[in-house]
Novice: 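So that we are looking at the same thing, I have put the structure below in structure tokens.
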Amino acid sequence: MRSAPLATRVLVLNSGSSSVKYQLLDMSDSSRLAVGLVERIGEETSRLKHTPLATGESRETNGPIADHEAALKAVAEELAKDGLGLDSPELAAIGHRVVHGGKTFTQPTVIDDAVLAEIERLIPVAPLHNPANLTGIRTAQALRPDLPQVAVFDTAFHTTMPEAAARYAIDVKTADEYRIRRYGFHGTSHAYVSRATAELLGKAPEEVNVIVLHLGNGASASAVEKGRCVDTSMGLTPLEGLVMGTRSGDMDPAVIFHLTRVGGMSTDEIDTLLNKRSGLIGLCGDNDMREIRRRIDEGAEDAAQAQLAFDIYIHRLKKYIGAYYAVLGRVDAVAFTAGVGENAAPVREAAIAGLESLGLAVDGRLNAVRSGEPRLISPEGARVAVAVVPTDEELEIADQTYALVGNGNA
């Protein structure tokens, strides 16, 4: 009698307000079977791009996709064409990225009604993200009600921060009533990269202290001590911290009062300003670091404006490296990751320049190498390693999901 196939596959879903990113992975060897993206959900110009990794040949469909239910049904149809359908007995679970888990969720969690209710209760502190995450979860549950569904929270990795780092210096009663504290984000990336950096150094995570710099359009830093986050730059929301593509990062909160009283701006207008029209795009009109560097390197007519934006970006980044060095006391590595961190050699060079007294340096030749592999860019024998470590949030979500429920372990 032929035995049933092992359930080793995990479908990872990242549901946004108008998009669904997905990957199907086989956890027996951590290989990707398919990747895809549905975007502009709810519009006439919706698009689904699906790539089965067996062939590497993408398929694209264009046309209206009404809602997330229709989007996931379309994804299921594309997967089925490759023999990877959601009805496969090899599918062990669906892992969902959930942005905000508050203080409640410190680990990946099998989703039930109580979990859904708590994610919904956290909507006031994540109004843009948690509703979309909930929609994706409920849609997936409707499609496969028999299958374990797991929530992996962006904030979970940061719940190990001590109260001294997580608390803001405001009235405690007010802070507790409205859940005002530092939560941090990009946690799956910081978790993955801090562990991968330790592996690159040939050590266990519990043996190293790492400063992780997740630099994409959104950007955050974390101080990771012996595998546990002890501080991070994003706060109640992803607005705080580093200069980002369109977000201001750290700023005197009285600027908001000033814009209200003197500028006559509404709360919504200020929210849009700080989240969508600030950061690099507010400083120089571009939020793409490649374009900013092109303007600088080619001496464009507005190169000075681009240079100022770059300098402000680096200044803030360098401040956080120094601050987290002080928080950790001993640093074994600084790891750059995400789109800018992995690909922008000038950013890495400028961020580390001048920190030689802290044991930090970048080898220009190593820094110039383009690679998709984790690698050191510090000189041989450097006291503190400087690394480029490509992030893999989908694999991290799949790993956590499979560890929790793989082969009926839930």
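Excluded from the calculations below are hydrogen atoms, water molecules and symmetry mates; all remaining heavy atoms, backbone and side chain alike, are included.
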Novice: Is D392 salt-bridged to R32, cutoff N-O under 4.0 Å?
Specialist: yes
Novice: Evaluate the criterion side-chain hydrogen bond (donor to acceptor under 3.5 Å, both in side chains) for residue pair S220 and H186; output intermediate values, then yes/no.
Specialist: CA-CA 7 Å; S220 60; H186 296 146; 2.7 Å; yes
Novice: Given side chains that start at C-beta, do those of L239 and N275 come closer than 4.5 Å, heavy atoms only?
Specialist: yes
Novice: Side chains of L53 and L33, heavy atoms from C-beta outward: is any pair under 4.5 Å?
Specialist: no
Novice: Got a second to check how far I397's CD1 is from S189's OG, nearest 0.5 Å?
Specialist: 10.5 Å
Novice: Within this structure, what is the CG-CG distance for the pair L147 and L11, rounded to the nearest 0.5 Å?
Specialist: 9.0 Å
Novice: Using a cut-off of 6.0 Å, state whether more than 12 heavy atoms not belonging to E199 lie near its atom CD.
Specialist: no
Novice: Tell me, do L404 and Q400 make a side-chain contact under 4.5 Å, heavy atoms counted?
Specialist: no
Novice: Rounded to the nearest 0.5 Å, how far apart are CG of L280 and CD1 of I292?
Specialist: 4.0 Å
Novice: Checking T155 side chain against Y183 main chain: does a donor-acceptor pair fall under 3.5 Å?
Specialist: no
Novice: Rounded to the nearest 0.5 Å, what's the gap from OH on Y22 to CG on L48? Could you check?
Specialist: 4.5 Å
Novice: Taking the side chain as everything from C-beta on, heavy atoms only, tell me whether V150 gets closer than 4.5 Å to V405.
Specialist: yes
Novice: Do any N or O atoms from the side chain of Y320 and from the backbone of L213 form a donor-acceptor pair under 3.5 angstrom?
Specialist: no
Novice: Without swapping roles, check the side chain of R59 against the backbone of E78 for a donor-acceptor pair under 3.5 Å.
Specialist: yes
Novice: Quick one: do the R247 and S278 side chains pair a donor with an acceptor below 3.5 Å?
Specialist: no
Novice: Hey, what do you get for NE2 (H96) to OG1 (T139), rounding to the nearest 0.5 Å?
Specialist: 9.0 Å
Novice: Going by heavy atoms in the side chains, are L376 and L201 under 4.5 Å from each other?
Specialist: yes
Novice: May I have the step-by-step check of salt bridge (charged side-chain N to carboxylate O under 4.0 Å, His left out) for E225 and R228, ending in yes or no?
Specialist: CA-CA 5 Å; E225 182 179 47; R228 293 165 57 87; over 6 Å; no
Novice: Report all side-chain donor-acceptor pairs from residues 202-211 shorter than 3.5 Å, counting only partners two or more places apart or in another chain.
Specialist:
| residue | atom | partner | partner atom | Å |
| --- | --- | --- | --- | --- |
| E207 | OE1 | A204 | N | 2.7 |
| N209 | OD1 | K226 | N | 3.2 |
| N209 | ND2 | R330 | O | 2.8 |

Novice: Determine yes or no for a side-chain-to-main-chain donor-acceptor pair under 3.5 angstrom, with R181 supplying the side chain and A166 the backbone.
Specialist: no
Novice: Can a donor-acceptor pair be found between the side chains of D29 and S31 at a distance below 3.5 Å?
Specialist: yes
Novice: Is the count of non-hydrogen atoms from other residues, nucleotides or ligands lying under 6.0 Å from E349 atom CD greater than 12?
Specialist: no
Novice: Under 3.5 Å, side chain of T337 to main-chain N/O of V389, donor-acceptor pair present?
Specialist: yes
Novice: Does the pair R348 and N367 meet the rule for a side-chain hydrogen bond (donor to acceptor under 3.5 Å, both in side chains), with working shown?
Specialist: CA-CA 8 Å; R348 299 191 296 260; N367 190 37; 2.7 Å; yes
Novice: Salt-bridge test for E120 and R138: reply yes if a basic N is under 4.0 Å from a carboxylate O, no otherwise.
Specialist: yes
Novice: Of T188, V99, T159, V98, which is the lone residue that meets side-chain contact (heavy atoms from CB on, under 4.5 Å) with F153?
Specialist: V98
Novice: May I ask you to decide whether R293 forms a salt bridge with D288, counting only side-chain N to carboxylate O separations under 4.0 Å?
Specialist: no
Novice: Ignoring hydrogens, what is the shortest heavy-atom contact between L13 and I94? Give both atom names and the distance.
Specialist: CD1-CG2, 3.8 Å
Novice: Any pair with a residue in residues 358-385 that passes salt bridge (Lys or Arg N to Asp or Glu O under 4.0 Å), sequence neighbours left out, goes on the list, sorted by first then second residue, please.
Specialist: none
Novice: Could you check if a side-chain atom of V230 sits within less than 4.5 angstrom of a side-chain atom of V224, using non-hydrogen atoms only?
Specialist: no
Novice: Is there a donor-acceptor pair closer than 3.5 Å between any side-chain N or O of S233 and the backbone N or O of G241?
Specialist: no
Novice: With a 3.5 Å distance limit and no angle check, can you tell me whether T232 reaches the backbone of G184 through a side-chain donor-acceptor pair?
Specialist: no
Novice: Looking at every heavy atom in both A34 and L79, which two are closest together, and how far apart are they?
Specialist: CB-CD2, 3.8 Å
Novice: Let me see the working for S28 and D26 under side-chain hydrogen bond (donor to acceptor under 3.5 Å, both in side chains), right down to the final yes or no.
Specialist: CA-CA 6 Å; S28 64; D26 189 332; 2.7 Å; yes
Novice: With side chains defined as the heavy atoms from C-beta onward, is the minimum distance between T391 and E342 less than 4.5 Å?
Specialist: yes
Novice: Start with the C-alpha distance between R195 and E396, add both sets of side-chain angles, then the distance that settles salt bridge (charged side-chain N to carboxylate O under 4.0 Å, His left out), and finish with yes or no.
Specialist: CA-CA 11 Å; R195 284 203 316 275; E396 180 71 14; 2.5 Å; yes
Novice: Determine whether a donor-acceptor pair (N or O, by modelled atom type, separation under 3.5 Å) exists between the side chain of T160 and the backbone of C229.
Specialist: yes
Novice: Whether the S58 and T51 side chains hold a donor-acceptor pair (N or O, under 3.5 Å, no angle test) is what I'd like checked.
Specialist: yes
Novice: Can any side-chain N or O of R9 pair as donor or acceptor with the backbone N or O of M27 at less than 3.5 Å?
Specialist: no
Novice: Once rounded to the nearest 0.5 Å, what's the spacing between atom NE2 of H129 and atom CD1 of I119?
Specialist: 14.5 Å
Novice: List the steps, then state whether side-chain hydrogen bond (donor to acceptor under 3.5 Å, both in side chains) holds for T135 with H68.
Specialist: CA-CA 7 Å; T135 299; H68 282 71; 5.3 Å; no
Novice: Is a salt bridge present between R97 and E393, judged by a nitrogen-to-oxygen distance below 4.0 Å?
Specialist: no
Novice: Determine whether a donor-acceptor pair (N or O, by modelled atom type, separation under 3.5 Å) exists between the side chain of D82 and the backbone of L84.
Specialist: no
Novice: Heavy-atom count check: over 12 atoms from other residues, nucleotides or ligands less than 6.0 Å from R167 CZ?
Specialist: yes
Novice: Please report the shortest heavy-atom distance between A351 and I321, naming the atom on each side.
Specialist: O-CD1, 3.9 Å
Novice: List the atom of A382, the atom of G359, and the distance in Å for their closest heavy-atom pair.
Specialist: CB-O, 4.5 Å
Novice: Is it true that atom CD of E163 has more than 12 heavy atoms of other residues, nucleotides or ligands lying nearer than 6.0 Å?
Specialist: yes
Novice: In this structure, are over 12 heavy atoms from other groups packed under 6.0 Å from Y168 atom OH?
Specialist: yes
Novice: Do F310 and I296 come within less than 4.5 Å of each other through their side chains, counting heavy atoms only?
Specialist: yes
Novice: Please determine whether the number of non-hydrogen atoms from other residues, nucleotides or ligands lying under 6.0 Å from atom CG of D252 exceeds 12.
Specialist: yes
Novice: Applying side chain to side chain donor-acceptor pair (under 3.5 Å), which residue pairs with at least one partner in residues 99-110 are found, sequence neighbours left out?
Specialist: T104-E118
Novice: Are K49 and E39 close enough for a salt bridge, meaning some N to O gap below 4.0 Å?
Specialist: no
Novice: Using a strict cut-off of less than 4.0 Å between a Lys/Arg side-chain nitrogen and an Asp/Glu carboxylate oxygen, indicate whether E69 and K73 qualify as a salt bridge.
Specialist: yes
